[in-house]
Amino acid sequence: MVSRQDSIDWLKDLIKIESVLGNEQPVAEYIQALLDTAGIEYETVEFASARP
């Protein structure tokens, strides 16, 4: 089970990542790392190529 503090820390980390339109990849990579650490399978799907 995930602790409340872990959840808060993850949210703080996500807020720090600049993710304005066209720069969402770092957020996806952060979440992928969390899922990898937890051993959770996932699929990454590109939303749109060559976004501005």
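Worth saying up front: this structure is predicted, and the values here are computed from it rather than measured. Because only heavy atoms are used, hydrogens play no part in the values below, and waters and symmetry mates are left out as well, while side chains stay in.
Linking Ile, Leu, Val, Met, Phe, Trp and Tyr whenever their side-chain heavy atoms come within less than 4.5 Å leaves Leu34 and Ile8 in two separate clusters. Both Val2 and Tyr42 belong to a single network of hydrophobic side chains, linked directly or stepwise wherever heavy atoms of I, L, V, M, F, W or Y lie under 4.5 Å apart.
With a 4.5 Å cut-off on side-chain heavy atoms, Ile17 and Asp13 do not count as touching.
Using modelled atom types and a 3.5 Å distance limit, the side chains of Gln32 and Asp36 yield no donor-acceptor pair.
Separation of atoms CD1 (Ile15) and CH2 (Trp10) is listed at 14.5 Å; rounding is to 0.5 Å. Here Gln5 contributes atom CD and Lys12 contributes atom NZ; the two are 6.0 Å apart, rounded to the nearest 0.5 Å.
For the residue pair Tyr30 and Asp9, the shortest heavy atom distance occurs at OH-O, 4.4 Å.
Sparse packing is recorded around CD of Glu18, with 12 or fewer heavy atoms of other residues, nucleotides or ligands lying under 6.0 Å away.
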